[in-house]
Amino acid sequence: MANFNFNKVIIGGRLTADVELKQTQSGVNVTAFSIAVNRKGAKDKTDFIDVVAWRQTAEFISKYFKKGSSICIVGSLQ
């Protein structure tokens, strides 16, 4: 039996709201947002995925993306 031991996801969707950049007490950039992902083949079914981005990624997303923007996320589930 194969031992699959990895945690990686790729999700594409649209931002549900404008992204707000925040900083932790130690000055690390962070943003939390959700994306809407339509289910393939299911009419009027949408999943909402919560995402947290840190440091330069958080800064980039808050600068270049807004509500309704298409976005592709690559990361891990936690």
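- With a 4.5 Å cut-off on side-chain heavy atoms, R39 and D47 count as touching.
- A donor-acceptor pair under 3.5 Å is formed between the side chain of R14 and the backbone N or O of G68.
- Atom CD of Q56 is surrounded by 12 or fewer heavy atoms from other residues, nucleotides or ligands within 6.0 Å.
- I61 and V30 fall into different hydrophobic clusters, where Ile, Leu, Val, Met, Phe, Trp and Tyr residues are linked whenever their side-chain heavy atoms come under 4.5 Å apart, directly or through other members.
- A distance-only check finds no donor-acceptor pair linking the side chain of N29 to the backbone of A58 [under 3.5 Å].
- Donor-acceptor pairing under 3.5 Å is recorded for the side chains of T46 and N38.
- Within the 4.5 Å cutoff, no side-chain heavy atoms of T16 are placed close to those of F33.
- Here the closest non-hydrogen pair linking S34 and D50 is CB-OD1, 3.6 Å.
- Residue V74 is not grouped with residue Y64 when hydrophobic side chains (ILVMFWY) are merged at heavy-atom distances under 4.5 angstrom, including chains of intermediate members.
- Between V9 and S76 there is no side-chain heavy-atom pair separated by less than 4.5 Å.
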Is there a side chain to side chain contact (heavy atoms under 4.5 Å, CB included) between I10 and I73 once you walk through the steps?
CA-CA 6 Å; I10 302 170; I73 303 294; over 6 Å; no
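- Residues S62 and T31 bring no donor and acceptor atom of their side chains to less than 3.5 Å of each other.
- The shortest distance between side-chain heavy atoms of I35 and I71 falls below 4.5 Å.
- L21 and L15 fall into different hydrophobic clusters, where Ile, Leu, Val, Met, Phe, Trp and Tyr residues are linked whenever their side-chain heavy atoms come under 4.5 Å apart, directly or through other members.
- Between V28 and Q23 there is no side-chain heavy-atom pair separated by less than 4.5 Å.
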